[in-house]
Amino acid sequence: MPTSKTSPYDVIIVGAGVNGCASAWFLRRAGLKVALIDQEGIAAGGSGAAGAFIAPKISKSGPLKDLMDKAHARAMAFYPKYFPEATLERPLFHIAKTPEDADKLRVFRERTDLELSEPPQKLTKMLNVDVSDENAVYFDHSAVVNAQELCRAMSEGVDFYRRKAESPIHDGECWETAGVRGKYLLVAIGAYPKLLELPYIQMRGIWGHRIDITSDTKLSCILHHYVSVSPTSKEGVMAIGATHNVHYSPFGTDEPYDITAGRIELIEKAGRTLKLDNIKIIADYTGLRSGSNDYLPILGPLVDTDATLKQGNEGEAGLVYYPDVFMINGSGGYGFVLAPYLAEILADHLHDGKEIDSELLPERFFKRWLKKNQS
Ligand SMILES: Cc1cc2nc3c(=O)[nH]c(=O)nc-3n(C[C@H](O)[C@H](O)[C@H](O)COP(=O)(O)OP(=O)(O)OC[C@H]3O[C@@H](n4cnc5c(N)ncnc54)[C@H](O)[C@@H]3O)c2cc1C
């Protein structure tokens, strides 16, 4: 797909979170000329706040679990190979919080292909809780990535514009927004206010807070219990994260987020699992996860609501799509696990016309929205 004279870019990506940056990496690798636009900078949104653990989903079976298994395998092959400096591979020690969690662990243990092992005694002795095969799993195949470093590295070689994209316009051949012109428009804006009129897509923003600390306590694995505690790829720095706050959003309120309360919550929850000596908080990171209504990520072309409805016999005459507009979003609390898997599918679709699995397509929400609004 050559770049035309009037279109300096093949793809304009709006949003430089992990989804935008991973897409930029795969699209560039497929030979496309990519522009990346972000109003705040690279990994400034939810992605910058992430603990960025690369772990499988510990749950019973279902479409998200199946997708996460594939995405986890892809991420564990991708990050250490292409971005070893931003990736720290460490065992994961997951401890159940409730009997329901323990039941999920039991099913995970029975069905997983991952090789489970016993946690080292030195580690279990550090804990404030008793662990057994009934309430914990320990395995090697996991990692933590440095969110900012990784996103910066993935977007290297791509033209970056620090601007707010507004009201994109299509002139029959190309899209233009924020003074940047390109054939395809990829919307990768997480839980931020919408860029296009998409009444059928409602993202759920879940606010989170993570802290980086130093401590005299040294941990050799990624520990998931009430919160996650782990070493990071920065020498001597540990991360504690993250809170889940469904009530706070930076949009539509002037109320500042209470950073002290968030710190207290994180340290208290980490302390239920292990004693961290001489903690010093060295950085706070906050942002929104962006979840879809059915918890599955969103990947694919966007339906133009007005154009579809104007056709009459809604749905019967077929859906009308915005020309060459795609979305990647809805990764919830798993953006770093899902991004390489989703971005590769997108690049294969744009470059080679490979089909995107229907369960990921944004149009699933259009059909539901239409049904609800017709009845
Ligand atoms: C506290 C916390 C902990 C997490 N922990 C993990 C974890 O351990 N593992 C994991 O896999 N995932 C984790 N996640 C989830 C993961 O971070 C998200 O799924 C991921 O960040 C979503 O990335 P994104 O690119 O879709 O959105 P974002 O990272 O939110 O990026 C969207 C970008 O779009 C930009 N933007 C929006 N509108 C415009 C506009 N009009 N013009 C220009 N730019 C615009 C924003 O500035 C922003 O940079 C966590 C998230 C949080 C908040």
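Start at 1 and go down the list; that is how both ligands and their atoms are numbered. For the single chain, residues carry numbers from 1 onward in sequence order. Just so we're clear, the structure is a prediction, and the values are computed from it rather than from any experiment.
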(request) Cation-pi check, R163 to Y161: give yes when NZ or CZ is under 6.0 Å from the six-membered ring centre and within 45° of the ring axis, no otherwise. (result)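 Not flagged: R163 not positioned over aromatic ring of Y161.
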Aromatic ring centroids of [X] and [Y] under 6.0 Å?
{"X": "H225", "Y": "H94", "result": "no"}
{"X": "H72", "Y": "Y334", "result": "no"}
{"X": "W207", "Y": "Y257", "result": "yes"}
{"X": "F93", "Y": "F139", "result": "no"}

Provide, to 0.1 Å, the distance between [atom] and the closest protein heavy atom, together with that atom's residue and name.
{"atom": "atom 40 (C) of ligand 1", "value": "Q39 OE1, 3.5 Å"}
{"atom": "atom 42 (N) of ligand 1", "value": "A165 N, 2.8 Å"}
{"atom": "atom 48 (C) of ligand 1", "value": "D38 OD2, 3.3 Å"}
{"atom": "atom 4 (C) of ligand 1", "value": "A50 CA, 3.4 Å"}
{"atom": "atom 27 (O) of ligand 1", "value": "G190 CA, 3.7 Å"}
{"atom": "atom 51 (C) of ligand 1", "value": "R289 CG, 3.3 Å"}
{"atom": "atom 15 (C) of ligand 1", "value": "G332 O, 3.2 Å"}
{"atom": "atom 16 (C) of ligand 1", "value": "G335 N, 3.7 Å"}

Can you list the ligand 1 atoms lying under 4.0 Å from a non-hydrogen atom of [X]?
{"X": "G208", "result": "1 (C)"}
{"X": "A242", "result": "1 (C), 2 (C), 3 (C)"}
{"X": "V18", "result": "20 (C), 23 (O), 25 (O)"}
{"X": "G51", "result": "3 (C), 4 (C), 5 (N), 8 (O)"}
{"X": "G15", "result": "33 (C), 34 (O), 35 (C)"}
{"X": "G287", "result": "53 (C)"}

Between ligand 1 and [X], is the shortest N or O to N or O distance under 3.5 Å?
{"X": "F336", "value": "yes"}
{"X": "S47", "value": "yes"}
{"X": "I206", "value": "no"}
{"X": "V337", "value": "yes"}
{"X": "P193", "value": "no"}
{"X": "F53", "value": "yes"}
{"X": "N19", "value": "yes"}
{"X": "G333", "value": "yes"}

May I ask you to identify, for [X], whether its side chain, its backbone, both or neither come under 4.0 Å of ligand 1 on a heavy-atom basis?
{"X": "Y192", "result": "side chain"}
{"X": "E166", "result": "neither"}
{"X": "I54", "result": "neither"}
{"X": "A52", "result": "backbone"}
{"X": "A339", "result": "neither"}
{"X": "R210", "result": "neither"}

(message) Tell me the nearest of G20, A188, G45 to atom 32 (C) of ligand 1, using heavy-atom distances.
(response)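 Comparing heavy atoms across G20, A188, G45, the nearest one to atom 32 (C) of ligand 1 lies in A188.
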(message) Looking at K60 and D103, is any side-chain nitrogen of the basic one under 4.0 Å from a carboxylate oxygen of the acidic one?
(response)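 The answer is yes: the pair qualifies as a salt bridge.
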(request) May I ask you to decide whether K218 forms a salt bridge with D216, counting only side-chain N to carboxylate O separations under 4.0 Å? (result)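 The answer is no: the pair does not qualify as a salt bridge.
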Under 3.5 Å, which donor-acceptor pairs do the side chains of residues 193-200 form with other protein atoms, sequence neighbours left out?
{"from": "K194", "atom 1": "NZ", "to": "L198", "atom 2": "O", "distance (Å)": "2.7"}
{"from": "K194", "atom 1": "NZ", "to": "I201", "atom 2": "O", "distance (Å)": "2.8"}
{"from": "Y200", "atom 1": "OH", "to": "V303", "atom 2": "N", "distance (Å)": "2.9"}
{"from": "Y200", "atom 1": "OH", "to": "V303", "atom 2": "O", "distance (Å)": "2.7"}

Between the side chains of [X] and [Y], is a donor N or O closer than 3.5 angstrom to an acceptor N or O?
{"X": "Y321", "Y": "E363", "answer": "yes"}
{"X": "S61", "Y": "D66", "answer": "no"}
{"X": "Y9", "Y": "D159", "answer": "yes"}

Please check if the number of heavy atoms outside [X] that lie under 6.0 Å from its [atom1] is greater than 12.
{"X": "D113", "atom1": "CG", "value": "no"}
{"X": "E134", "atom1": "CD", "value": "no"}
{"X": "Q121", "atom1": "CD", "value": "no"}

(message) If I compare all heavy atoms of S290 with all of G190, which pair ends up nearest, and what's the gap?
(response)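 Heavy atoms only, the tightest pair is OG-C, 3.3 Å.
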Output a table of donor-acceptor pairs, distance under 3.5 Å, between side-chain atoms of residues 336-344 and any protein atom two or more places apart or on a different chain; print 'none' if there are none.
{"from": "E344", "atom 1": "OE1", "to": "R74", "atom 2": "NE", "distance (Å)": "2.6"}
{"from": "E344", "atom 1": "OE1", "to": "R74", "atom 2": "NH2", "distance (Å)": "3.3"}
{"from": "E344", "atom 1": "OE2", "to": "R74", "atom 2": "NH2", "distance (Å)": "3.3"}

(message) Walk me through whether D294 and R364 qualify under salt bridge (Lys or Arg N to Asp or Glu O under 4.0 Å).
(response) CA-CA 10 Å; D294 61 8; R364 70 190 192 266; 2.7 Å; yes
